[in-house]
Amino acid sequence: MRDTEITAEDLQPVAGNGLLHRRLFLAQGAGLLGAGLMTASVASAVSSADFPDSMRLPGPGASPYGERSRFESGVVRLARPDTGAVPASTGAQSPLDRLEGTITPNSLHFERHHTGVPDIDPGQHRLLIHGLVRRPLEFSLDALARYPLVSRVHFVECSGNSGSLNGPKPLQATAGQLHGLLSCSEWTGVRLSTLLDEAGVDPRAKWIYAEGADSSGMSRSIPLAKAMDDALICLYQNGEKIRPENGYPLRLLAPGWSGNLNVKWLRRIKLVEGPVMTRDETSKYTILLPTGKAWQFVFPLEVKSIITRPSPGLNMKGPGFYEISGMAWSGNGKIAKVEISADGGKSWAPAALQEPVLSKAITRFRAPWNWDGGPAVLQSRATDDTGMVQPTRAALIAERGARGQYHVNCIQSWAINDKGEAANVFA
Ligand SMILES: Nc1nc2c(c(=O)[nH]1)N[C@H]1C(S)=C(S)[C@@H](COP(=O)(O)O)O[C@H]1N2
Ligand SMILES: [Mo]
């Protein structure tokens with residue numbers, strides 16, 4: 001096991017302010033303990049009188065639908081204020097800083113709906129495919145479920161996520177409140193290309209128009225190439241049927257592209273020659289440049305990452321060894337590298353990427369840190385397998401200005417003070 005032993009060299013910082021080598025995480029637990037990096041207290045002798053109450057009587061039996069521990073009931077979605085402009089145009093964010101790993105539990109998946117959650121009977125619901133096709137088709141849920149299904153892990157991110165980083169001053173809020181219009185699930189459904197092939201695409205068709213069955217009539221135009229590439233008609237989310245708030249009984253998934261395109265409660269796909277210019281693609285979801293011009297139809301969500309631990313509200317308890325943990329993702333492919341800085345971007349150390357690293361999915365990263373108890377500014381910077389690097393806030397604003405709040409993917413900085421508290425700063 002030589003190559004998993006910790007050497008004195010591994011304990012030397014590899015970047016400013018105490019960042020250690022990611023190799024430490026490949027080492028055995030005993031190695032970490034020997035290196036004085038673990039924080040458990042030493043146990044005193046155990047006697048039978050110490051048996052906990054839970055060992056004295058049996059607990060309740062099995063339950064029909066599982067609930068988490070009552071001690072975890074404080075981990076909830078973070079409500080977004082109802083702007084009042086449109087009835088029930090609301091949403092709620094994932095509490096990212098209270099979660100680990102890469103998959104968002106269904107009950108904590110973020111939700112964003114323009115006019116509330118419709119109550120749809122799957123027995124009555126139909127999906128229509130029409131327009132520039134050889135033969136229009138109508139699918140019941142039963143019919144759809146007989147097509148070959150595929151399962152893929154993908155994130156969904158609202159293009160307005162992290163928009164406050166374009167604001168004039170840093171909002172003091174948790175990582176979930178700042179960045180929680182983001183979740184990641186294993187989605188199961190039918191390839192859209194399978195259904196389009198069956199309908200027979202007319203060569204004049206270059207786009208699809210997708211429409212939801214909610215009262216906002218939320219609808220978007222999407223290039224046919226994406227529809228034929230990796231778009232899915234999803235029926236399941238993390239193994240169970242999609243939740244009502246996420247599109248029950250079926251939603252479109254356009255992996256890696258703006259959240260808005262993932263039309264929920266999908267009822268109709270029309271094949272068309274060009275974009276339809278729906279309300280949701282003319283009034284919103286464009287990138288407003290400093291010149292006053294707006295980019296329309298900007299689809300992929302570019303490479304991005306955030307540190308979720310430590311982060312505001314998750315304070316550190318005195319100097320010593322900590323694991324920095326966070327999430328990285330790219331709508332263009334896989335995460336190739338995540339680097340961590342503890343000195344506000346002056347020096348960087350590579351983080352360990354948790355396997356499996358999947359395309360257009362969240363990748364968990366971790367890095368060992370020996371905090372000396374002094375002030376530090378933590379940052380993460382992700383690179384994807386197309387070579388795109390997450391920009392600094394200053395670089396993103398220099399390129400695109402700060403008038404818009406969509407597709408903000410810049411580096412997030414957390415300032416750590418000498419009490420171990422994290423705050424949102426613009427560094
Ligand atoms: N039919 C319909 N689809 C919709 C929406 C909607 O309001 N109606 N909201 C969109 C937006 S803006 C986003 S970000 C995602 C959010 O998906 P989620 O609620 O499952 O997280 O759904 C998109 N699909
Ligand atoms: Mo969105």
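Remember, it's a predicted structure, so these values are computed and weren't measured experimentally. Position 1 is the first residue of the sequence; numbering continues from there. When a ligand or atom number is given, it counts from 1 through the structure's own listing order.
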Q.
Which residue and atom name correspond to the protein heavy atom nearest atom 21 (O) of ligand 1, and how close is it?
A. Phe110 O, 2.6 Å

Q.
Could you identify the single nearest non-hydrogen protein atom to atom 19 (O) of ligand 1 and state the distance to 0.1 Å?
A. Lys264 NZ, 2.5 Å

Q) For atom 15 (C) of ligand 1, which candidate among Gly217, Ser185, Gly259, Ser94 holds the nearest heavy atom? A) Gly259

Q. Side chains of Leu192 and Ile269: closer than 4.5 Å at any heavy-atom pair?
A. yes

**Q.** Shortest protein heavy-atom distance from atom 11 (C) of ligand 1, along with the residue and atom involved
**A.** Asn260 CA, 3.7 Å

Q.
Students should be able to answer this: which protein heavy-atom is nearest to atom 7 (O) of ligand 1, and at what distance?
A. His114 N, 2.8 Å

Q: Check each atom of ligand 1 against the heavy atoms of Cys158 and keep those under 4.0 Å away; list them by number with element.
A: 14 (S)

Q | Option whose closest heavy atom lies nearest to atom 17 (O) of ligand 1, chosen from Arg112, Arg251, Glu111 | A | Arg251

Q | Atoms in ligand 1 with a heavy atom of Glu245 nearer than 4.0 Å | A | 19 (O)

**Q.** Residue Gly212 vicinity, atoms of ligand 1 by number, heavy atom under 4.0 Å
**A.** 1 (N)

Q) Under 3.5 Å, side chain of Glu157 to main-chain N/O of Leu301, donor-acceptor pair present? A) no

Q. Distance-only, no hydrogens or angles: does the Arg77 side chain make a donor-acceptor pair with backbone N or O of His109 under 3.5 Å?
A. yes

Q) Quick one: nearest non-hydrogen protein atom to atom 6 (C) of ligand 1, plus distance? A) Met218 CG, 3.5 Å

Q. Hey, are the side chains of Val408 and Arg393 touching, using non-hydrogen atoms and a 4.5 Å cut-off?
A. no

Q. Which ligand 1 atoms does Asn262 reach within 4.0 Å, using its non-hydrogen atoms?
A. 22 (O), 23 (C), 24 (N)

Q. Applying a strict 4.0 Å limit to heavy atoms, is Glu157 in contact with ligand 1?
A. no

Q. Taking the six-membered ring for Trp, are Trp207 and Phe297 parallel (under 30°), tilted (30 to 60°) or perpendicular (over 60°)?
A. perpendicular

Q) Can you list the atoms of ligand 1 that are under 4.0 Å from a heavy atom of Val263? A) 3 (N), 24 (N)

Q: Would you check if Ile362 and Leu182 make a side-chain contact, meaning some heavy-atom pair closer than 4.5 Å?
A: yes

**Q.** Residues Arg152 and Asp230 bridged, charged N to O under 4.0 Å
**A.** no

Q) Ignoring hydrogens and geometry, is there a side-chain-to-backbone donor-acceptor pair from Asp97 to Gly176 under 3.5 Å? A) yes

Q | Side-chain (Gln379) to main-chain (Ile411) donor-acceptor, under 3.5 angstrom | A | no

(Q) Using a 4.0 Å heavy-atom cut-off, which part of Asp214 comes near ligand 1: side chain, backbone, both, or neither? (A) side chain

Q | CD/Glu240: more than 12 non-hydrogen atoms of other groups inside 6.0 Å | A | yes

Q. Can you list the atoms of ligand 1 that are under 4.0 Å from a heavy atom of Trp265?
A. 1 (N), 2 (C), 8 (N)

Q. For the residue pair Tyr285 and Tyr406, does the interplanar ring angle fall in the parallel (under 30°), tilted (30 to 60°) or perpendicular (over 60°) class?
A. tilted

Q. Does any N/O atom on Tyr285 come nearer than 3.5 Å to any N/O atom on ligand 1?
A. no

(Q) Closer than 4.0 Å to some heavy atom of Asn246 - which atoms of ligand 1 meet that? (A) 18 (P), 19 (O), 20 (O), 21 (O)

